[in-house]
Amino acid sequence: MPAYLLEAFTVTLGLILLMAEAFSSKTSKAWIGKAAALGLTGLIVAAFFAVGPIQKPEAEWASWPLWNFYHFEGLARFYKLFALFTTLLVVLLSVDFRSVLAKFTEEPGSEAGTGEFYALPVFACAGMMWMASAKDLAGAFVALELVTISFYILVAFMRRNVGSLEAGVKYLILGALSTGFLVYGIAWIYGSTGTMNLSDLPSKIHHLQSPIPLLFGIALVMVAMSFKVGAVPMQVWIPDVYQGAPTPTTAFLSVGSKAAGFILLIRFLTPFLAEGSPVRTQVLGLLLILACATLLFGNLAAIPQTNFKRLLAYSSIAHAGFLLLALAAWAPDSANLLGSAKAVSFYLATYLLMTLGTFFVLAQIRIQADGERIEDFNGLGKRNPLLAIALTILLAALAGVPLTAGFLGKFFVFSLAVKAQLWWGVGLGFVAAAAGFYYYFKTIRAMWWQPAASDAKPLVLPPITRYAVAVLTVAVLVIGVWPNPILWLLG
Amino acid sequence: MLALLVLIPIVAFIAILAGAPARLTALASSVVNLALGIAVAIAPTWEKWSFSVQVLSTPKLNLAFGVIDGMSAIMILLSVIVTVAAVLSGKAPEGREKLYFGSSLLISAGALGAFASTDLFFFYAFHELALIPTFLMIGILGRGDRRDAAWKITIYLGLGSIVLLAGLVGLASVTGTFDIVGMLKNKTAIDPVAQKSIAGLLIVGFGTLVSLFPFHSWAAPAYASAPAPVAMLHAGVLKKFGLYGLLRLAVPLLPEGMQAWLTPLLVLLLGNILWVGLVTINQKRLDTLLGNSSVMHMGYIFLAIAALVAGKDANSIARPAAVILMFAHGISIALQFSLADKIERRTGSLDLDDMGGLAKAAPSLAFIFGLGAMASIGLPGLANFAGEVMVFLSSFQNYDASAGLGPVQIACILSIWGVVISAVYMLRAYRRIFQGPAVKSTESVADLTLADKIPALLLVVALLAVGLYPNLLLNLMK
């Protein structure tokens, strides 16, 4: 099956869901989410059978001009699977979250007006999948906008909730600003090299009279990307938007959107970071500055947080810092070192498992304790011990405790940074890891050591959440000692 | 085969979570492990012990276990003995058996994994595995100011581990491998500048985990409020991980780096012995007294490490001295924490002012506690004596009288005062608890039952055996 059909099917799935939503009963919409989950599962299976012209050069479609804009290899497949899997989990999370959603939409209390919440992530997913294959800056821009515009709606979806609306406006304004940066940057790159195609860039950048205009363009695009991945200098929106948006949207933003941003960043930077590129040193320097600033900001600002969702927002910035550090230490795969692109992908995969698991738990706390503060986790060890164990493992993984998946991700990043002798980055990385240890363990402390509020009831999980948390937690442990499945997927 | 040592407690932990009877499962698995551990000590060279599976090809990581030398075997032996004693003597609060015994098993699995690993990555990882349940247990089931104590140990050891991780990543990057055996065999010449910075990180990282002065203030409150098995396992076994790491990695691989830090290390270890020793004398409660004394005794082992570094002699007796003292201290402190728990259960207090005359009502408790106290002071015939004497002698090995006293010798002379300090606080505590007129809380106390005596006797036998015939362990070190 030619790979571009995946995106086509995904968009079709979204359209079908929208149509079905329009003709369905007003009171019960959860089945749309379940149908979306089913469709996405089918697409995940299909992704394993997708091929491109590299794998099947004799096919008729292999000579189409489409492939000038669209790229398909192991990394693209990995990120398409990543987007599909994230969307699947987010849709499942939305199904369990619908009671809160219904409170703040059209007719409070009924599910009318919640149907689109299951279809929009599918469109965003199509955009993310295209970003994974982007080969041309114009195509990348279109894909990125598809994602961003879907998110404008998703963030502000609870329209009778002030927090959600405020988040929507903030996201809209900063998103528009970053789009401006992106287009402007692309224009400068096109102006200085005469091409928007990433595969033509390596040959063009060698004949530049001066690299300054190109560097200016690259810097502008990187600023725009830092909006997507949640890094300095475009990180200010993250805490407010994460806190205000509906929890499934927050989860989607923090995992799906970040990963799509990183694959696009990798694709965009690869030609400039190749050996012999005239701008290599400057771009690496810029990446290191961004990485250090992001690490510092994310981790230090996370320390005093008392709201768990906001804490996760800062933690998302902090993780972006580690990922940028891996890019700043840019290296290809070698005999005893995992290359930067693979290290970032591995890190993101582990980040998906731990973060989405945490969001599943957070959503239930939000529903059942009606709060998202750290103290709402008080006494969870008594109210639901197994859930508390699972969340302990997930948070320990986020903090980077060994034998969990989170440690391996950080370990690869540090190996790269030490190899590249980025001592500032390594030093700050360790400070960041230490700070992370503190703020994640604050929640663990609340769960186990603090007594529950006097009126707290035992926490009972709905079936979807129960299975999702169990599967994700076990995966975090298994990947922690046996990372090969993810590395196989990476090819 | 060594993988079994780690696997058995983890499987037992899962079984307990799934509903198997907690105490029985824990006991069965730790007894099987005891048998395995003794087998390791008897035949450490059997090639079937080693075990290795590749976890990752780039960079090359193996989940590998093996008996690197006698030191590994002795630490494994220490771990399995203390685990059995901890499980046997622990008494879970009503309804918390799963948590209580499950966590104890995880701590034991982590410690065994760390001592048996031959891969740097898992060496570090298993130690962390043991720390998490330690923190949780102190916070959930501890006594007194459990939350503050638990948070303090979490932060201290968490930060210490990260400093340590930085050092280990540096070590792996300069040697280019994670295989500890390979590192020790090839002993590639490491650049002295890199040696110095890595050694500094390792001393602070491992040092925090072993409560090296001034990173020690987590220890006493944590042990004072920890449930008995956790105090026994952490003070007795897990804490030795830091010393083991220094002896295993820092001393052989970074000779010049360690040399550069010798003087600061000597000053800090004197802080452990003299400063913390004086603090210990002032304690009013038995649990904080034991906690502080365990911090103080780490100073002697650091002295052995310092002597080893200064002597530049791989065959120095400082190395076996350190290992024997680690073993002896592990057993004796576990015995003392276990008995302190018994005393508290009987009298309801550990405040030295509330006690007296306990020996009348509970003579065997008094006798065994006395043995533990004597061991801790370093009385001949008990294991600690062998260790301490060897440490002091090793400081003067290769001593050249014409050159005058070197820093190590001066530190040793000052350290010997530590023996006096130990005698002061231990004998005073013994007198105030067991002798004198009986007070209300100690009048009608029951003596140790047979079930209480078994774990205590297990530890006493180990202390006596090594004390009377140190060659049991010394032969392993050759």
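Residue numbers start from 1 in every chain, and the chains themselves are labelled A, B, ... in the order their sequence lines are given, proteins ahead of strands.
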Heavy-atom pair count under 4.5 Å with chain B, highest-scoring of A:Gly400, A:Gly427, A:Ala434: A:Ala434
Heavy-atom side-chain proximity of A:Phe437 to B:Leu157 below 4.5 angstrom: no
Side chain proximity check, B:Leu129 to A:Val401, heavy atoms < 4.5 angstrom: no
Side chains of A:Pro483 and B:Val55 in contact at under 4.5 Å (non-hydrogen atoms): yes
Check: A:Leu338 and B:Leu56 side chains under 4.5 Å, non-hydrogen atoms: no
Over 12 non-hydrogen atoms of neighbours within 6.0 angstrom of CG in B:Asp145: no
Validation row: A:Phe430, B:Leu201 side chains within 4.5 angstrom (heavy atoms): no
Interatomic distance, A:Ile389 atom CD1 to B:Leu99 atom CG [nearest 0.5 angstrom]: 8.0 Å
Segment of A:Lys442 engaging chain B (4.5 angstrom heavy-atom cut-off): both
Chain A contact via B:Leu61 - which portion, at a heavy-atom distance below 4.5 Å: side chain
Geometric class of the A:Phe441/B:Phe135 ring pair [parallel <30°, tilted 30-60°, perpendicular >60°]: perpendicular
Side chain to side chain contact (heavy atoms under 4.5 Å, CB included) evaluation trace for A:Leu403 with B:Phe122: CA-CA 8 Å; A:Leu403 299 185; B:Phe122 285 97; 3.9 Å; yes
Top contributor to chain B interface from A:Phe414, A:Phe412, A:Trp482, A:Phe407 [non-hydrogen pairs under 4.5 Å]: A:Phe407
Ring centres under 6.0 angstrom apart (A:Phe411, B:Tyr124): no
Residue part contacting chain A, namely of B:Leu131, when any heavy atom lies under 4.5 Å: neither
Full working for side chain to side chain contact (heavy atoms under 4.5 Å, CB included) between A:Val431 and B:Ile162: CA-CA 9 Å; A:Val431 172; B:Ile162 284 170; over 6 Å; no
Residue among B:Leu165, B:Val169, B:Leu141 with most heavy-atom pairs under 4.5 Å to chain A: B:Leu165
Side chain / backbone / both / neither for B:Ala150 at chain A, heavy atoms under 4.5 Å: both
Per-residue contact mode, A:Lys410 against chain B (heavy atom under 4.5 angstrom): neither
Interface moiety of A:Leu408 toward chain B, non-hydrogen atoms closer than 4.5 Å: side chain
Which atom of A:Trp449 lies closest to which atom of B:Gly139, heavy atoms considered: NE1-CA, 3.2 Å
A:Ile444 side, atom CD1; B:Leu136 side, atom CG - distance, nearest 0.5 Å: 7.0 Å
Close side-chain approach of B:Arg147 and A:Arg445, heavy atoms under 4.5 Å: no
Non-hydrogen side-chain atoms of B:Leu63 and A:Val481 separated by less than 4.5 Å: no
